[in-house]
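See below for the structure under consideration.
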Amino acid sequence: MQYSPSRRTALVFCGTGAHGAYHAGVLRALQEAGVKVDVAAGQGIGAAAAVLAAIDGASRLWEADGVWRSQASRRFYRFAPFRWQRRARRVRGSLWSKLLGAPFDANPAIDAFSHTVWQLIRGAARDAHPPRDAGRRYAEVLAENLGQPGFRELMIVATDLDARSDIIAALLREPYRRDFIAPRPGRERRAEALDLAGLGRDHALDVMSAALTPPVVCEPRLVTFAADGFWRGESHRLCERPASVNRLFEELAAAAVSQLIVVTAVSPASAPHRLRAPRLDLRSRLGEFISAAEAAALRDAMDHALLRFDSSYVIRPVHNPVGPFDVSGAYDEASDRRHTDVELMERGYEDAYHQFIDPVVGASGDHITRVTNESTY
């Protein structure tokens, strides 16, 4: 079936680290074209894009003083192993292992996105930095404005290492909210589904922060659950799972989504005899593994999407030399020059028009308008 703006549509962001710049460019194009979206969903750094898009704050990703044009983005996932671990009571092992820790630091990215969200929802509050209850305030703002122009339902995913399962945080309108938290055979739904309009109202930014924390290379995010929830005040270690896009698809299908627009910065496999020399630094090796895992997971998920959704579309670059941890850009052998994350953002903008807006939305007969102030994307 063809694209139709009347169907319930989810915009899904996949990726890690620097690939979030590509999301920003795609979002800008979709906003300009007035593409209708009912649910913003994401995994990895895509969760941050979804959190901002849900409250009409996506422009903070691409503006001149926004996240991906600021100098702060150059410090995302910096190499910083020699530091005392936060919340050391959860770190076991020798003194040396506690000092060494994980090689990369996710806190600069978490702080940047949390601060951006807080600036959008703070209202008359005088706090310059997100307070402890910022997650609850975010959920309240979204719940109060759901249905208004620019606001949309939210679904993001992270992985709970202690529970050995995914955590799905969502704020959905009825009747989809009721179905989201309803019991399911073979699963303890209360342990994995965080209703941001109910008992999970405090954890929107917690799950976003966990999704911004790549596994193994960064220390997991320690999240303390509500005392009146299933985990009764326990503190669990949460992080990203690069292959969690399939879980997002499953939950979106259960929320009656019939149309998907998926955004990923991982390019498809190269043609034969196009292999490039591998980069030997740690950041590149880890980035290649995460990109490969995401590409394989997305391919499998899209195969299953044929059975779950009426239509699904993928926006992705034909070629992208920038890896997940190349926040300052990367040298590309094919073009013999350096590519930056700002250039990746512009590529996302162009790809959105060439791959989806012009051929799909335009062919559907839906009226495309360029807007400047208010959007329906």
Side-chain angles (χ1 to χ4, degrees), residues 8 10 12 38-44 46-48 50-51 54-55 87 90 110 117 132-144 146 152-213 215 220-257 297 301 304 308:
R8 185 165 164 79
V12 183
D38 299 286
V39 185
Q43 54 99 184
V51 164
I55 57 171
R87 309 260 188 147
R90 291 302 307 273
I110 293 170
V117 171
R132 289 179 177 272
D133 66 343
R136 175 175 292 202
R137 296 196 194 185
Y138 173 88
E140 290 173 349
V141 168
L142 180 54
E144 290 171 1
L146 203 58
R152 52 198 52 82
E153 298 162 75
L154 173 70
M155 183 178 291
I156 56 178
V157 61
T159 293
D160 186 338
L161 297 178
D162 291 304
R164 299 181 180 179
S165 65
D166 291 325
I167 293 288
I168 308 293
L171 199 155
L172 305 173
R173 60 185 176 88
E174 296 291 359
Y176 313 113
R177 177 191 172 216
R178 182 174 62 251
D179 295 336
F180 174 71
I181 60 178
R184 296 183 186 176
R187 287 182 175 173
E188 180 48 77
R189 194 60 180 167
R190 297 172 299 166
E192 63 179 10
L194 288 179
D195 177 19
L196 299 181
L199 291 178
R201 57 190 175 275
D202 293 330
H203 298 304
L205 299 190
D206 287 335
V207 177
M208 181 195 77
S209 298
L212 289 169
T213 306
R221 191 75 175 175
L222 199 61
V223 174
T224 301
F225 291 104
D228 55 349
F230 177 81
W231 294 112
R232 304 294 183 186
E234 291 183 9
S235 294
H236 288 200
R237 297 166 300 151
L238 274 61
C239 66
E240 174 196 359
R241 183 169 69 87
S244 57
V245 62
N246 195 46
R247 183 61 192 275
L248 266 183
F249 282 15
E250 176 187 336
E251 296 289 343
L252 289 169
V257 167
H304 287 92
R308 292 174 173 167

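This structure is a prediction, so every number in the text was calculated from the model and none was measured.
- Once rounded to the nearest 0.5 Å, the distance linking CZ of Arg221 with CE of Met208 reads 8.5 Å.
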All N/O donor-acceptor pairs, side-chain side in residues 225-233, below 3.5 Å, sequence neighbours left out:
none

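- Salt bridge annotation for Glu251-Arg308: absent, with no cationic side-chain nitrogen under 4.0 angstrom from a carboxylate oxygen.
- When side chains are defined from C-beta on, Met155 counts as touching Ile168, because their heavy atoms get closer than 4.5 Å.
- Once rounded to the nearest 0.5 Å, the distance linking CD of Glu192 with OG of Ser165 reads 6.5 Å.
- Salt bridge annotation for Arg177-Glu174: present, with a cationic side-chain nitrogen under 4.0 angstrom from a carboxylate oxygen.
- For the side-chain contact (heavy atoms from CB on, under 4.5 Å) with Arg241, the lone residue among Leu161, Asp166, Val157 that qualifies is Asp166.
- Looking at Tyr176 and Val39, their side chains never come closer than 4.5 Å, going by heavy atoms from C-beta outward.
- Salt-bridge formation is not detected for the pair Arg152/Asp38: no Lys NZ or Arg NE/NH1/NH2 atom is positioned less than 4.0 Å from an Asp or Glu carboxylate oxygen.
- The two atoms that bring Tyr138 and Val117 nearest to each other are CD1-CG1, 3.6 Å, heavy atoms only.
- Taking 4.5 Å as the limit, some side-chain heavy atom of Leu222 sits within range of a side-chain heavy atom of Arg237.
- A salt bridge links Glu153 with Arg8: the closest approach of a Lys/Arg side-chain nitrogen to an acidic carboxylate oxygen falls below 4.0 angstrom.
- Here the side chains of Val223 and His236 are not in contact, with every heavy-atom distance at 4.5 Å or above.
- Separation of atoms CD1 (Ile181) and CG (Leu172) is listed at 10.0 Å; rounding is to 0.5 Å.
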message = Could you walk me through whether Thr213 and Leu238 satisfy the side chain to side chain contact (heavy atoms under 4.5 Å, CB included) test, starting with their C-alpha distance in whole Å, then the side-chain angles of each, then the deciding distance to 0.1 Å, before giving a yes or no?
response = CA-CA 8 Å; Thr213 306; Leu238 274 61; over 6 Å; no
